[in-house]
Amino acid sequence: MKRITGSIAFTFILLFTLLPLQARAAELLIPVGKIIGLQLRDDTVTVAAYDDSLGGCARNAGLKIGDEIVKINGTSIDCAEDVRAALGSGSTEVELTVRRGGKLNVLHLTPEQTAEGPRLGVFLRQGIAGIATVTFYDPETGKFGTLGHGVSTSGGKLLQMTRGYAYEAQIQSVKKGKSGEPGQLKGIADGETAFGTLLRNTPQGVFGITQQGWKGEPIPVASFEEVHRGAAFIRSTVSGDKAQDYSVEILKIYPEDRADGRNFLIKVVDPALLSATGGIVQGMSGSPIIQDGKLVGAVTHVLVNDPTTGYGIFIENMLDAAT
């Protein structure tokens, strides 16, 4: 990570536990299955970690990981760039107003002096960042969807995204899932240049637009009534940068309007995926589910006590939310 210089480093280890498209304009969509990095900003700046060499001043002042920096010397803070500007070039003590546990606290801190100017000695996080799997891409409009569920704050509320960006990413390692302990894809994203802009964070997924897009054969979108119990497959990237298809079984169909987005139950039966990940792991959220040659939905959740089993959301629910 970089120190606070007005930008934030984008090395992502999964933080996500892991439009109608123009009124259902897209009858054909590309099921992608590729990993990307997401950054969702909400105009808050939070302490993510102490700097190993410069963190003494923050610790001594009582600044804690998870504190939201609200003001510096009375100046409101909405982004990391505001922190740098508020610190200026001086070495004198500054007054920090931070939000902790819903309450405001005032701290006094003397910044560490570096060749780049005064620093608080901490790494900052703006909003939430992580990796996800792309569900669909519409080559006609450039719009895409991912996750199949929303990105929430640490308090469990849907993040009120003010802006967001999508980045290229790759898998670094896989933590296999086991009963009682969900697995995880660990990845790194290139935070230098965004290839897409995020437009919406909803309970049914995160949606954006890109001029770059993904290659692939567009397939029809299935209606609620067409999804049935039986064989299907999911498209995911669990190593390298190539998406693969893995066999699953749809075990049960739930009501299409189920509010939590868990519309059908799936079980991984593919030996290769079970060997690589143990089943469904964090980071696979958004993996497209294909049945009878049609895009029927996306992977959304894993059962903690059985990583081979999880839930999917109907693709029509995702498309309705993306409007």
Side-chain angles (χ1 to χ4, degrees), residues 10 12-21 26 29-41 127-139 141-152 158-159 161 163-171 184-191 194-216 218-219 221 234-238 241 243-244 261-263 280-290 295-302 310-323:
F10 297 103
F12 296 148
I13 294 179
L14 185 71
L15 297 178
F16 310 139
T17 288
L18 272 129
L19 291 151
L21 288 175
L29 299 174
I30 296 174
V32 180
K34 291 288 192 74
I35 289 290
I36 60 172
L38 301 178
Q39 186 198 30
L40 290 77
R41 296 190 178 186
I128 296 177
I131 62 170
T133 300
V134 180
T135 306
F136 68 83
Y137 170 64
D138 180 359
T141 65
K143 294 173 182 176
F144 66 92
T146 182
L147 277 179
H149 59 73
V151 176
S152 299
L158 189 71
L159 181 77
M161 184 183 76
R163 57 196 183 281
Y165 307 96
Y167 298 86
E168 298 285 358
Q170 57 183 322
I171 301 298
Q184 184 181 83
L185 299 179
K186 296 182 179 180
I188 184 170
D190 177 7
F195 73 81
T197 301
L198 304 182
L199 304 175
R200 183 166 300 176
N201 176 36
T202 78
Q204 292 76 32
V206 175
F207 306 96
I209 191 166
T210 176
Q211 294 183 342
Q212 176 177 307
W214 295 269
K215 294 181 179 180
I219 64 174
V221 170
I234 63 175
R235 182 166 294 169
S236 300
T237 304
V238 299
D241 60 359
Q244 305 253 356
R262 303 179 188 192
N263 297 135
I280 299 170
V281 299
Q282 295 174 357
M284 288 172 62
S285 291
S287 297
I289 303 173
I290 300 163
L295 178 59
V296 302
V299 174
T300 59
H301 299 80
V302 62
Y311 292 98
I313 182 174
F314 289 133
I315 189 62
E316 286 200 331
N317 285 342
M318 287 187 71
L319 297 179
D320 286 343
T323 306

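These numbers come from a predicted model, not from an experiment. All values below were derived from every heavy atom in this structure, side-chain atoms included, with hydrogens, water molecules and symmetry-related copies excluded.
- Of the candidates Trp214, Tyr137, Phe136, Phe207, Phe144 forms a ring-ring contact (aromatic ring centres under 6.0 Å, His included) with just one, namely Trp214.
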(message) As a quick check of understanding, evaluate side chain to side chain contact (heavy atoms under 4.5 Å, CB included) for Ile289 and Val299, giving each step before the final call.
(response) CA-CA 7 Å; Ile289 303 173; Val299 174; 4.1 Å; yes
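- In this structure, the side chains of Pro218 and Ile30 come closer than 4.5 Å at one or more pairs of heavy atoms.
- For the pair Thr210 (side chain) and Gln212 (backbone), a donor-acceptor distance under 3.5 Å is present.
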(request) Mind running side chain to side chain contact (heavy atoms under 4.5 Å, CB included) on Met284 and Ile234 for me, showing each step along the way? (result) CA-CA 10 Å; Met284 288 172 62; Ile234 63 175; 3.8 Å; yes
(message) If you apply the rule side chain to side chain contact (heavy atoms under 4.5 Å, CB included), what do you find for Gln170 with Ile188, and how did you get there?
(response) CA-CA 6 Å; Gln170 57 183 322; Ile188 184 170; 3.7 Å; yes
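- The residue from Thr146, Ile131, Asn201 that alone fulfils the side-chain contact (heavy atoms from CB on, under 4.5 Å) condition with Leu38 is Thr146.
- In plain terms, the two heavy atoms of Val134 and Pro288 that are nearest each other are O-CD, 3.6 Å.
- A pairwise comparison of heavy atoms in Leu158 and Gly150 identifies CD1-CA, 3.8 Å as the closest pair.
- Closest non-hydrogen pair, Glu316 versus Val221, comes out as CG-CG1, 4.5 Å.
- Judged purely by atom type and a 3.5 angstrom limit, Thr135 has no side-chain atom pairing as donor or acceptor with the backbone of Gly297.
- Side chain of Thr197 to main chain of Gly208: no donor-acceptor pair is present (N/O by atom type, distance under 3.5 Å, no hydrogens or angles).
- Taking CD1 from Ile280 and OG from Ser285, the interatomic distance works out to 9.0 Å, rounded to the nearest 0.5 Å.
- Of all non-hydrogen atoms in Lys34 and Ala243, the two that sit nearest each other are CE-N, 3.8 Å.
- The minimum heavy-atom distance between Gly283 and Thr133, with the atom names listed, is O-OG1, 2.8 Å.
- Listed for the Arg235 side chain is a donor-acceptor partner under 3.5 Å among the backbone atoms of Pro31.
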(message) Before you tell me yes or no, could you show the steps for Gln204 and Asp320 under side chain to side chain contact (heavy atoms under 4.5 Å, CB included), namely the whole-Å CA-CA distance, both residues' side-chain angles and the distance that decides it to 0.1 Å?
(response) CA-CA 9 Å; Gln204 292 76 32; Asp320 286 343; over 6 Å; no
